[in-house]
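Structure first, then comments.
For the numbers below, each heavy atom of this structure counts, side chains included, while hydrogens, waters and symmetry mates do not.
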Amino acid sequence: MLTAFARAFKTPDLRKKLLFTLGIIVLFRLGSHIPVPGVSYKNVQICVDQAGNSNGLFGLVNMFSGGALLQITIFALGIMPYITASIILQLLTVVIPKLENLKKEGQSGTAKITQYTRYLTVALAILQGTGLVATARTGALFQGCQVASQIVPDRSIFTTIVMVVTMTAGTCVVMWLGELVTDRGIGNGMSILMFISIAAGFIGALWQIKLQGKIADGWVEFGVVILVGLAMVALVVFVEQAQRRIPVQYAKRMIGRRAYGGTSTYIPLKVNQAGVIPVIFASSLLYIPALIVQFSGSTAGWATWIQKHFVKGDHPYYIAAYFLLIVFFAFFYVAISFNPEEVADNMKKYGGFIPGIRAGRPTAEYLSYVLNRITWPGSLYLGLIALVPTMALAGFGANQNFPFGGTSILIIVGVGLETVKQIESQLQQRNYEGFLR
């Protein structure tokens with residue numbers, strides 16, 4: 001594997017792509033440490049040291065920004081607005097016929113959808129930036145910190161507008177950097193930046209486990225967490241690579257004096273067809289009640305009940321709701337992203353059929369049946385992986401944003417596998433052996 005990396009850097013065009021990607025990563029991490037104008041950097045650091053990065057309400061966005069959210073930097077919103085906009089456009093493509101027609105137009109239609117995603121990203125960045133500034137001004141961003149209300153000393157409208165515009169511009173720069181990596185670097189740019197944001201908190205989270213440990217100065221807890229993390233990585237790699245291959249045969253067709261077709265292939269149906277999106281959906285949905293309570297400031301019975309059961313994230317009600325929502329969204333996303341009837345029609349149009357299954361409606365029913373059966377273990381696997389930090393690692397001082405659990409491990413493993421595949425394909429095009437012999 002190390003030899004393959006050395007060969008990759010010896011290839012001129014591949015070396016340029018790798019160095020360009022590394023340069024963009026350095027710029028991205030640099031911007032994650034530049035504070036927004038109008039923010040008291042000294043008070044922010046005091047609150048970060050007191051409260052840490054364990055704020056469950058903003059933990060998901062903070063994880064995707066690489067810790068820049070709680071630092072209130074120019075890249076505080078990170079890649080999250082773009083992710084949200086992409087998911088919304090993907091869902092609207094199924095609902096709105098115009099977007100569905102654009103998707104079918106090919107490259108030109110995809111370019112228009114990408115443009116709509118950029119516009120929606122800017123709108124979401126303005127909304128999220130305004131919410132972040134308002135939360136920072138009230139002191140709710142760091143609960144329990146004495147100087148939390150002094151993070152934004154100047155409360156004027158001009159300062160607020162400058163802060164929101166700066167964070168929105170930072171989101172646009174992050175989006176531009178991601179597209180540059182996609183065009184001129186290695187891998188999907190947005191995924192790479194997301195990978196770097198999450199990986200940036202690995203060392204700090206692991207060392208926090210060691211500091212909070214009680215057995216042998218925390219080294220026992222540290223070792224147990226490392227072993228659990230390696231086991232989870234192996235499980236995620238195994239399930240992410242698992243797929244059900246449905247054989248497909250194409251009948252021979254005579255065109256003139258030549259015979260076409262007669263080939264055999266397969267349809268790969270992944271066990272985890274939905275990826276990490278159900279976990280993001282479920283996390284975002286469960287944050288809404290806590291946000292409503294926080295911004296309303298109500299002390300009524302319903303607000304107290306939500307504060308008790310849905311804010312900390314370790315209550316049985318929260319765990320059960322989180323698990324059920326992940327399972328629901330797994331089936332929901334698979335249903336809108338894979339259309340068995342469309343696949344069956346395309347197979348019938350080009351003379352393809354599944355052995356033992358008639359073409360047309362029986363093929364669509366068979367594909368739907370197989371998809372439902374493999375989605376069950378995939379959804380249960382997502383739910384269990386997402387709940388590991390809450391249930392198994394709570395005793396070692398971990399929280400929901402611990403690197404070896406939930407959304408973070410799924411994204412890191414998925415992006416890592418995809419990037420390695422792209423580098424390996426580039427090596428194989430030049431008659432090299434790739435990473436693994």
Using modelled atom types only, decide if a donor and an acceptor are shared between the side chain of [X] and the backbone of [Y] within a distance under 3.5 Å.
{"X": "Q273", "Y": "V334", "value": "no"}
{"X": "S425", "Y": "Q422", "value": "yes"}
{"X": "T117", "Y": "S86", "value": "no"}
{"X": "S368", "Y": "A364", "value": "no"}

Report yes if some heavy atom in the side chain of [X] is under 4.5 Å from a heavy atom in the side chain of [Y]; otherwise report no.
{"X": "L367", "Y": "I354", "result": "yes"}
{"X": "M167", "Y": "L132", "result": "yes"}
{"X": "V415", "Y": "M194", "result": "no"}

Y119-Q115 side chain donor-acceptor pair, cut-off 3.5 Å: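 Their side chains do contain a donor-acceptor pair, which is all the 3.5 Å distance test asks for.
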
side-chain contact (heavy atoms from CB on, under 4.5 Å) assessment of V174 paired with F28: CA-CA 7 Å; V174 171; F28 176 65; 3.9 Å; yes

Reported CD1-to-OG1 distance for the pair I246 and T265, which is rounded to 0.5 angstrom: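 One finds 11.5 Å between CD1 of I246 and OG1 of T265.
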
Taking every non-hydrogen atom, the tightest pair across Y82 and M190: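 Heavy-atom minimum between the residues: CE2-CG, 3.6 Å.
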
Minimum heavy-atom distance between K270 and I374, given as atom pair plus value: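 Minimum heavy-atom separation between K270 and I374: O-CD1, 3.5 Å.
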
I186 vs L14, side-chain contact (heavy atoms from CB on, under 4.5 Å): CA-CA, chis, key distance, verdict: CA-CA 8 Å; I186 290 290; L14 191 55; 3.7 Å; yes

Crowding at CD, E341 (>12 non-hydrogen neighbours, <6.0 Å):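 Counting other residues, nucleotides and ligands, CD of E341 stays at 12 neighbours or fewer.
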
